[in-house]
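Please see the structure below; I have some questions.
All residue numbers refer to positions in the sequence shown, counting from 1.
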Amino acid sequence: TSTMLAVIASSSAITITATGTIDFDTLQLGGGGGTVSSTLVLVGNIGAGVDIDIKENGKLTQSSTVQQTISGTLLIEAGGRLTHSANTTTQSRIINFNANTITVNSGGFVFADSLGYSGGLTASANGSGPGAGIGGTSPGAGAGHGGTGGSEGTNAPGQGYCDVTNPNTIGSGGGARSSAGGAGGGLIILTATGTITLNGSITANGAAGFASNGGSGAGGGIKITAGIISGTPSSFTALSPGSGGTGGSGGGGCVFLGY
């Protein structure tokens, strides 16, 4: 019986983009020394996979919405990072992994901050997404997702639309005035038949509006489902940071734990 060990690690920055189907027994990212990232961008899908080990300076970036399934353990060690690519005007990229066991060690990151719908990028532009903050000649309004955004002027804030019993949407972007609106938070879906242990940072926060009058993006979504959920995360949030100035604050995101 052969064992397929795939290692992406270097003391210099390296990024590999996988556009097709990848098969492995163990996929190891990072751990090559130095302070730069060894990154795998997963545009395609995992076919037959057993274990994934994201070590220090390793980074796995999902660039699709398709659930990626492995039969063993997804381990994110200290300094390792699981994330997804940024969205703009459509929801086309999220974190969506299914494994027997998922472990995020202290110092590990599952990161979807500011990776949701984009904020309004030009003067007076609306944000993107179903809960977009409206832009205009008064300060940009905050976006909605789990709740309604805020408004400090005449522009309408974005309304909430997240399903709190099944978070499956990313956060919307804030509106612009002369400054751009902030992007919404992305989406994290982790599913395990066994145990999910969370001792690191799991975040899907929105971004503050830029400069003095951009509206803030809404928080994103986090859905964790397992037979057992344990651990003490250093951070576990899907928030909007509030207004960066006179722009409206974004609404919060949605978090669901099922066990």
Practice item. Take I22 and L42 through the test side-chain contact (heavy atoms from CB on, under 4.5 Å) and record every step on the way to the result. Key: CA-CA 9 Å; I22 60 173; L42 188 61; 3.9 Å; yes
Point to revise | Expected output: side-chain N155 to main-chain A141 donor-acceptor under 3.5 Å | key: no
Exercise for review: Check whether the side chains of S37 and N57 place a donor and an acceptor atom closer than 3.5 Å, and report yes or no.
Suggested key: no
**Study point:** Residue pair T203 / S235, side-chain donor-acceptor N/O under 3.5 Å
**Key:** no
Practice item. Flag yes if L187 and I95 sit in one hydrophobic cluster, no otherwise; membership is Ile, Leu, Val, Met, Phe, Trp, Tyr, and two members link when side-chain heavy atoms are under 4.5 Å apart. Key: no
Check your understanding: Cluster question for you: counting only ILVMFWY and a side-chain heavy-atom cut-off of under 4.5 Å, with indirect links fine, are I170 and I222 together?
Key -> no
Check your understanding: CD1/I202 to CD1/I224 distance, rounded to the nearest 0.5 angstrom?
Key -> 6.5 Å
**Study point:** side-chain contact (heavy atoms from CB on, under 4.5 Å) evaluation trace for F24 with I52
**Key:** CA-CA 9 Å; F24 54 85; I52 298 176; 3.8 Å; yes
**Study point:** Side-chain (N213) to main-chain (S179) donor-acceptor, under 3.5 angstrom
**Key:** yes
Exercise for review: Using distance alone, with no hydrogens and no angle criterion, decide if H145 and T169 have a side-chain donor and acceptor under 3.5 Å apart.
Suggested key: yes
Revision key, fill the gap. Note: T17 and V43 closest approach over all heavy atoms is CG2-CG2, 3.7 Å
Check your understanding: Got a donor-acceptor contact below 3.5 angstrom from the N100 side chain to the S71 backbone?
Key -> no
Review point. Counting only N and O atoms by type, is there a donor-acceptor contact under 3.5 Å from the side chain of S201 to the main-chain atoms of F109?
Key: no
**Study point:** NE2 on H84 to CG on L115, rounded to 0.5 Å
**Key:** 5.0 Å
Practice item. Scan side-chain atoms only and decide if Q68 and N45 contain a donor-acceptor pair under the 3.5 Å cut-off. Key: yes
Review point. Can a donor-acceptor pair be found between the side chains of N199 and S106 at a distance below 3.5 Å?
Key: no
Review point. So among V110, L82, I189, which one has a side chain to side chain contact (heavy atoms under 4.5 Å, CB included) with F97?
Key: L82
Check your understanding: Going from CZ on R177 to OG on S212, what distance comes out if it is rounded to the nearest 0.5 angstrom?
Key -> 8.0 Å
Review point. Will you find, in the side chains of S138 and T154, an N or O donor that is under 3.5 Å from an N or O acceptor?
Key: yes
Check your understanding: When rounded to the nearest 0.5 angstrom, what is the spacing between CG in N205 and OG in S216?
Key -> 11.5 Å
**Study point:** From CG (L29) to CG (D53), nearest 0.5 Å
**Key:** 8.0 Å
Check your understanding: Any donor-acceptor pair under 3.5 Å linking the side chain of Q91 with the backbone of N168?
Key -> yes
Practice item. Output all residues satisfying side chain to side chain contact (heavy atoms under 4.5 Å, CB included) with I16, sequence neighbours left out; order by chain, then residue number. Key: I8, I14, L40
Exercise for review: Please round to the nearest 0.5 Å and tell me the distance separating atom CD1 of I102 and atom CG of L75.
Suggested key: 11.0 Å
Check your understanding: Quick one: do F111 and L190 end up in the same hydrophobic cluster if we chain Ile, Leu, Val, Met, Phe, Trp and Tyr together by side-chain heavy atoms under 4.5 Å apart?
Key -> no
**Study point:** Heavy-atom pair of closest approach, residues R93 and T65
**Key:** N-CG2, 3.7 Å
Check your understanding: Linking I/L/V/M/F/W/Y whenever any side-chain heavy atoms sit under 4.5 Å apart, do I188 and Y259 land together?
Key -> yes
Practice item. Answer yes or no: is there a side-chain heavy-atom contact under 4.5 Å between E56 and E77? Key: no
**Study point:** Non-hydrogen atoms of P157 and T148 that approach each other most closely
**Key:** CG-CG2, 4.2 Å
Point to revise | Test item: V164 and F256 side chains (from C-beta on) under 4.5 Å apart, heavy atoms | key: no
Point to revise | Backbone of G250 reached by a side-chain donor or acceptor of S240 within 3.5 Å | key: yes
Check your understanding: Can you check side-chain contact (heavy atoms from CB on, under 4.5 Å) on T61 and T39, steps first, answer last?
Key -> CA-CA 7 Å; T61 302; T39 301; 4.1 Å; yes
Review point. Hey, quick one: are I134 and Y117 part of the same hydrophobic cluster, counting side-chain heavy atoms closer than 4.5 Å, chains of contacts allowed?
Key: no
Exercise for review: Check whether any side-chain heavy atom of S172 lies under 4.5 Å from a side-chain heavy atom of P130, and answer yes or no.
Suggested key: yes
Practice item. Name all residues meeting the side chain to side chain contact (heavy atoms under 4.5 Å, CB included) criterion together with D163; count only those two or more places apart in sequence or in a different chain, and write none if there are none. Key: T165, N166
Check your understanding: Which heavy atom of A176 sits nearest a heavy atom of G120, and at what distance?
Key -> CB-O, 3.5 Å
Revision key, fill the gap. Nearest heavy-atom contact between T191 and Q67 is OG1-NE2, 4.0 Å
Check your understanding: If every non-hydrogen atom of S114 is compared with every non-hydrogen atom of A207, which pair is closest and at what distance?
Key -> OG-CB, 3.2 Å
